[in-house]
Undergrad: 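For reference, the structure I am asking about is given below.
These numbers were taken from a predicted model, which means no experiment stands behind them. No hydrogens, no waters, no symmetry mates; every other heavy atom, side chains included, goes into these values.
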Amino acid sequence: PSVPALFTEDQLKEFLLLADNIPCHYQSPNREVIFPVLFRILYCCGLRASEACLLLVENVNLDAGTLEIYHSKGYKDRIVYMGEDIRQLCLNFHRYYDSVLPGRKYFFQPSLEKEHYTKTDVDNAFGRIRAKMVSCPKKGKLPSAHGLRHLFAVENVKMCLEQGEDFNNWAQYLAQYMGHRKLRDTMYYIHMTSRLFPSYEEKLDRLAEGIGVKYAEE
């Protein structure tokens with residue numbers, strides 16, 4: 001299959017800058033506070049949009065820096081570890097937002113009336129920001145909110161190669177981290193990286209053959 005469009009480094013920076021400046025709107029309360037953090041969670045932790053939307057406050061351990069994901073795609077539960085920068089961002093968000101919406105059930109709960117966002121809400125918010133970007137095309141194949149999860153995986157594939165990590169162990173770990181039931185789902189990102197970055201193609205194809213698992217599109 002063809003690979004999706006992903007942000008370049010400069011495009012990602014512009015997108016996040018625009019996300020940090022989402023205007024307030026009475027029909028979508030607190031979006032200007034929630035979405036800057038939510039989009040960074042998707043990118044930094046490789047979550048699916050639905051997983052971020054359905055995070056309960058009790059699922060976010062800000063001391064340990066972990067996210068507990070339950071009943072996700074394929075009914076696979078997992079614990080996702082946050083980097084220190086994203087843990088601190090979530091901690092600051094929670095401390096502030098707890099005073100805005102005390103006793104909320106969902107970590108990214110928009111209001112008392114609307115308990116949580118949906119994947120469609122996230123896609124729409126992403127699309128509105130993308131449309132304002134100078135560095136992103138307006139037509140053709142465009143980056144999506146789910147592409148932030150793809151970008152997380154692709155950058156981890158590149159990091160593994162550049163740091164000379166054990167590829168087999170790394171693939172197994174990434175599969176667990178991203179909540180893949182089967183390794184072949186993770187192998188899709190090997191395919192994606194080799195197509196997006198031809199300089200890695202030969203080495204990745206060789207490593208993929210060594211693992212002996214065919215990829216499947218996530």
Side-chain angles (χ1 to χ4, degrees), residues 1-20 35-52 65-67 69 72-73 78-90 122-123 126 129-130 133 135-137 141-180 182-208 210-211 213 215-218:
S2 62
V3 297
L6 300 183
F7 280 148
T8 64
E9 184 177 348
D10 288 341
Q11 287 172 340
L12 180 63
K13 287 178 180 178
E14 184 186 6
F15 175 84
L16 292 175
L17 181 61
L18 289 169
D20 289 340
F35 279 120
V37 182
L38 192 151
F39 284 129
R40 284 175 169 85
I41 282 275
L42 300 187
Y43 168 63
C44 294
C45 297
L47 296 192
R48 301 176 178 95
S50 58
E51 292 171 344
T66 59
L67 307 172
I69 309 294
S72 190
K73 185 177 179 180
R78 70 189 192 278
I79 294 178
V80 171
Y81 289 86
M82 296 182 279
E84 177 56 25
D85 53 349
I86 198 71
R87 184 195 74 85
Q88 193 62 51
L89 178 69
C90 287
V122 175
D123 288 339
F126 183 96
I129 297 172
R130 185 187 60 206
M133 293 176 62
S135 62
C136 188
K141 188 187 293 185
L142 301 174
S144 66
H146 194 60
L148 295 174
R149 172 175 162 88
H150 291 332
L151 192 57
F152 164 85
V154 167
E155 290 188 354
N156 272 272
V157 173
K158 291 168 62 181
M159 188 184 304
C160 173
L161 292 178
E162 291 163 3
Q163 295 182 357
E165 300 288 340
D166 183 300
F167 196 76
N168 286 355
N169 288 343
W170 171 88
Q172 296 286 349
Y173 175 79
L174 187 64
Q176 293 181 27
Y177 190 93
M178 298 190 72
H180 291 152
K182 297 180 179 179
L183 185 58
R184 67 192 186 99
D185 298 321
T186 311
M187 297 305 290
Y188 173 57
Y189 291 111
I190 312 302
H191 163 78
M192 187 186 297
T193 306
S194 68
R195 299 303 173 263
L196 289 171
F197 300 94
S199 61
Y200 294 102
E201 185 172 358
E202 183 178 346
K203 186 172 184 178
L204 281 170
D205 287 350
R206 189 166 60 249
L207 288 168
I211 292 177
V213 178
Y215 69 85
E217 187 168 357
E218 190 192 41

Undergrad: With a 3.5 Å cut-off and sequence neighbours excluded, list the donor-acceptor pairs that the side chains of residues 196-204 form with protein atoms.
TA:
| residue | atom | partner | partner atom | Å |
| --- | --- | --- | --- | --- |
| Tyr200 | OH | Glu162 | OE2 | 2.4 |
| Glu201 | OE2 | Arg195 | NH1 | 3.2 |

Undergrad: Is the centre of the Trp170 ring less than 6.0 Å from the centre of the Tyr173 ring?
TA: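 Centroid separation for Trp170 and Tyr173: 6.0 Å or greater.
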Undergrad: Hey, can you tell me if Phe126 and Phe15 have their rings parallel, tilted or perpendicular (30° and 60° cut-offs)?
TA: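 Rings of Phe126 and Phe15: tilted, as their planes differ by 30° to 60°.
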Undergrad: May I ask you to test the His191-Val3 pair for a side-chain heavy-atom distance under 4.5 Å?
TA: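 In short, these two side chains touch, coming nearer than 4.5 Å.
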Undergrad: Is there a donor-acceptor pair under 3.5 Å between the side chain of Glu14 and the backbone N or O of Ser135?
TA: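 Yes.
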Undergrad: Can you name the nearest heavy-atom pair linking Ala145 to Leu42, along with the distance?
TA: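 Looking at all heavy atoms of both residues, the closest pair is O-CD1, 4.2 Å.
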Undergrad: Does some side-chain heavy atom of Arg149 sit less than 4.5 Å from a side-chain heavy atom of Arg48?
TA: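 Answer yes - side chains close enough.
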Undergrad: Can we say Glu84 and Arg87 salt-bridge, meaning some charged N sits less than 4.0 Å from an Asp/Glu carboxylate O?
TA: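 Yes.
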Undergrad: State, yes or no, whether a side-chain contact exists between Pro143 and Cys136 at a heavy-atom distance under 4.5 Å.
TA: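 Contact flag for Pro143/Cys136 side chains = yes.
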Undergrad: Within the structure provided, determine whether Thr193 and Leu161 are in side-chain contact (heavy-atom separation under 4.5 Å).
TA: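 The answer is no, as the side chains (C-beta and beyond) never meet within the 4.5 Å cut-off.
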Undergrad: To the nearest 0.5 Å, tell me how far Leu174 CG sits from Tyr189 OH.
TA: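 So the CG of Leu174 and the OH of Tyr189 are separated by 8.5 Å.
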Undergrad: Roughly how far, to the nearest 0.5 Å, is CD1 of Ile69 from CG of Leu47?
TA: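 Here the interatomic distance stands at 5.0 Å.
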Undergrad: Could you report the tightest heavy-atom contact between Asn169 and Asp166, atom names first, then the distance?
TA: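 The pair with the smallest heavy-atom distance is N-OD1, 3.0 Å.
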Undergrad: Is the shortest side-chain heavy-atom distance between Asn168 and Gln172 below 4.5 Å?
TA: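 No. Closest side-chain heavy atoms not under 4.5 Å.
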Undergrad: Tell me, do Cys44 and Met82 make a side-chain contact under 4.5 Å, heavy atoms counted?
TA: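 Counting from C-beta outward, Cys44 and Met82 never come under 4.5 Å.
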Undergrad: Would you indicate whether the side-chain heavy atoms of Thr186 and Met178 approach each other to under 4.5 Å?
TA: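 When only atoms from C-beta onward are counted, Thr186 and Met178 do not touch, as no gap falls below 4.5 Å.
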Undergrad: Aromatic ring centroids of Phe7 and Tyr43 under 6.0 Å?
TA: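 No, too far apart.
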Undergrad: Can the ring centres of Tyr81 and Tyr177 be said to be less than 6.0 Å apart?
TA: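 No.
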Undergrad: Does the side chain of Leu6 reach to within under 4.5 Å of the side chain of Glu155, using non-hydrogen atoms?
TA: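 They are not in side-chain contact.
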